[in-house]
Amino acid sequence: MGHHHHGHSHHHSTGQANKRNLLFAMLIIGSWMFIQFIGGLWTGSLALLADAVHMFNDFANLFISFLAITLAAKAATKTRTFGNHRYEVLSSLLNSVMLLVIAFFIVREAIGRFIEPEEVMGSGMIVLAFIGLLANLGAMYVLMRGDVKNNLNMRGAYLHVLSDTLGSVAAVLAGVIILTTGWYLADPILSIVIALMIALSAIRLLKDTLHVLMEGTPKYIDIDEVNAKILAIDGVKHVHDLHVWTITSGIDRLSAHVVIDADKKIDAQDVLMRANDYFRHTLHIENTTIQIERE
């Protein structure tokens, strides 16, 4: 629970790092996509052209994530008082849906190949798929230096590159099996396994993203515990309208109505200070709105 202390400055610095890492990944994937496209035209290999298209999709998604971070950094305006942070959440929504679409098309293509197995040039496939694998591993390494654990937008970008990396592994494996045994079905079978793995991670990302968009309570917050802690402050009678929600990865908000005892000489300011102390230091939530009411 200790890693949630984010004020805006922290969010800004990780934003800059994430932006830099996304740019590097875009460079690696963009240049390889171009080489693979030329290679596909040159060898007449459909598999390579398909992979180049997949990489173009990756590139587009990294670009969307990059755009989202850039837009999120813009200052709040009169019409958008919370700023543009939700762009990052929308970007991860788009990413997760795109991943599900990719998984669907891979399965559909694979089923077609079961019905009519196609001859594949094993050796050329291995060489180019292997270089593609190296390019993807490079992009993955760069993205992992960003905040892929807590930032939904970065996680979406990372999952795209990961799905592509798994695709390259499958292509290398299939190429080896085809070269050594001539068993062409290895290609669609491995593709379906990869598609299912992509779909699973996409569903998880989608679930987390929808949770934020539905203003769900952050995972690390136990609302009953928060309620009990506020009630434990001297002079507090009860708490109502307690809400904790997420604006974007790393920025949480809290609001509550705190009712204090009218009989005792309770200092409302003191109650407010204690409550805010708890929110800042234990829950690491900087932005809180607390209304103090006397019975």
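Numbers for residues simply follow the sequence, beginning at 1. Values below: every heavy atom of this structure, side chains too, minus hydrogens, waters and symmetry copies.
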Checklist entry - Can you name the ring-ring contact (aromatic ring centres under 6.0 Å, His included) partners of H243, sequence neighbours left out? => result none
Next on the checklist: Tell me the closest heavy-atom pair linking N95 and S65, and the distance in Å.
Outcome noted: ND2-OG, 3.3 Å
Checklist entry - For the atom pair OG1 (T70) and OH (Y87), what is the distance rounded to the nearest 0.5 Å? => result 11.5 Å
Item to check | Same cluster (ILVMFWY, side-chain, under 4.5 Å), V244 and M214 | outcome: no
Checklist entry - Taking C-beta and beyond as the side chain, do L22 and M154 meet within less than 4.5 Å on heavy atoms? => result yes
Item to check | Of all pairs that satisfy ring-ring contact (aromatic ring centres under 6.0 Å, His included), the ones with a partner from residues 190-218, not counting sequence neighbours | outcome: none
Item to check | Side-chain heavy-atom pair I106, I102 within 4.5 angstrom cut-off | outcome: yes
Next on the checklist: Would you say L159 ends up clustered with M140 if hydrophobic residues are merged whenever their side chains have heavy atoms under 4.5 Å apart, either directly or through other cluster members?
Outcome noted: yes
Item to check | Test side-chain contact (heavy atoms from CB on, under 4.5 Å) applied to T288 - qualifying residues, sequence neighbours left out | outcome: L254, N276, F279, I285, I290
Next on the checklist: So, using salt bridge (charged side-chain N to carboxylate O under 4.0 Å, His left out) as the criterion, who are the partners of R80 when residues are at least two apart?
Outcome noted: none
Checklist entry - Given the rule that I, L, V, M, F, W and Y join up when any side-chain heavy atoms are under 4.5 Å apart, are L231 and L283 in one cluster? => result yes
Checklist entry - Who pairs with D234 by salt bridge (charged side-chain N to carboxylate O under 4.0 Å, His left out), at least two apart in sequence or on another chain? => result none
Checklist outcome for this item: Residues passing the side-chain contact (heavy atoms from CB on, under 4.5 Å) test with I203, sequence neighbours excluded, are L100
Checklist outcome for this item: All heavy atoms of W32 vs all of G132, minimum pair found to be NE1-CA, 3.2 Å
Next on the checklist: I'd like to know whether OH of Y278 has more than 12 heavy-atom contacts from other residues, nucleotides or ligands below 6.0 angstrom.
Outcome noted: yes
Item to check | Within 6.0 Å of CZ in R294, more than 12 heavy atoms from elsewhere | outcome: yes
Checklist entry - Which value, rounded to the nearest 0.5 Å, describes the distance between L133 atom CG and T165 atom OG1? => result 7.0 Å
Next on the checklist: Does Y141 have more than 12 heavy atoms from other residues, nucleotides or ligands lying within 6.0 Å of its OH?
Outcome noted: no
Item to check | Pairs satisfying ring-ring contact (aromatic ring centres under 6.0 Å, His included), at least one member in residues 185-209, at least two apart | outcome: none
Item to check | For S96, side-chain hydrogen bond (donor to acceptor under 3.5 Å, both in side chains) partners two or more places apart | outcome: none
Next on the checklist: Between I189 and F114, is there a side-chain heavy-atom distance shorter than 4.5 Å?
Outcome noted: yes
Checklist entry - Hey, does L62 have a side-chain heavy atom less than 4.5 Å from the side chain of L143? => result yes
Item to check | Test item: L210 and L93 side chains (from C-beta on) under 4.5 Å apart, heavy atoms | outcome: yes
Checklist entry - According to a 4.5 Å side-chain heavy-atom criterion applied to Ile, Leu, Val, Met, Phe, Trp and Tyr, with indirect links allowed, do V226 and V259 form part of one hydrophobic cluster? => result no
Checklist entry - Between M144 and Y158, which heavy-atom pair has the shortest distance, and what is it? => result CG-CE1, 3.4 Å
Checklist entry - Rounded to the nearest 0.5 Å, how far apart are CG of L162 and CG of L99? => result 9.5 Å
Checklist entry - In the single-linkage hydrophobic clustering (I, L, V, M, F, W, Y; side-chain heavy atoms under 4.5 Å), do V161 and V142 co-cluster? => result no
Item to check | Over all atoms of both residues, closest heavy-atom pair of L205 and S92 | outcome: CD2-O, 3.9 Å
Checklist entry - So which heavy atom on H284 is nearest to which on H281, and how close? => result CE1-O, 3.2 Å
Next on the checklist: Could you go through R86 and V212, starting from their C-alpha distance and side-chain angles, then the distance that decides it, and tell me whether this counts as side chain to side chain contact (heavy atoms under 4.5 Å, CB included)?
Outcome noted: CA-CA 9 Å; R86 279 285 160 96; V212 171; 4.2 Å; yes
Item to check | Value rounded to 0.5 Å, distance of CG in L213 from OG1 in T246 | outcome: 10.5 Å
Item to check | Between CG on residue L23 and CD1 on residue I28, distance to nearest 0.5 Å | outcome: 11.0 Å
Item to check | Residue of the set V271, I233, D270, D267 for which side-chain contact (heavy atoms from CB on, under 4.5 Å) holds with I260 | outcome: V271
Checklist entry - Taking only residues two or more places apart in sequence, or in another chain, which ones meet Q291 in a side-chain contact (heavy atoms from CB on, under 4.5 Å)? => result H257, E293
Checklist entry - Between N227 and I223, is there a donor-acceptor pair closer than 3.5 Å when you use the side chain of the first and the backbone of the second? => result no
Next on the checklist: Going by the rule side-chain contact (heavy atoms from CB on, under 4.5 Å), which residues pair with T79 if we only count those two or more places apart in sequence or in a different chain?
Outcome noted: T77
Next on the checklist: If you apply the rule side chain to side chain contact (heavy atoms under 4.5 Å, CB included), what do you find for V107 with I111, and how did you get there?
Outcome noted: CA-CA 6 Å; V107 171; I111 291 169; 3.8 Å; yes
Checklist entry - Can you list every salt bridge (charged side-chain N to carboxylate O under 4.0 Å, His left out) pair that touches residues 205-214, not counting sequence neighbours? => result R155-D208, D208-K219
Next on the checklist: Just verifying a value: how many Å separate I292 CD1 and Q269 CD, rounded to the nearest 0.5 Å?
Outcome noted: 8.0 Å
Item to check | ring-ring contact (aromatic ring centres under 6.0 Å, His included) contacts touching residues 88-109 (sequence neighbours left out) | outcome: none
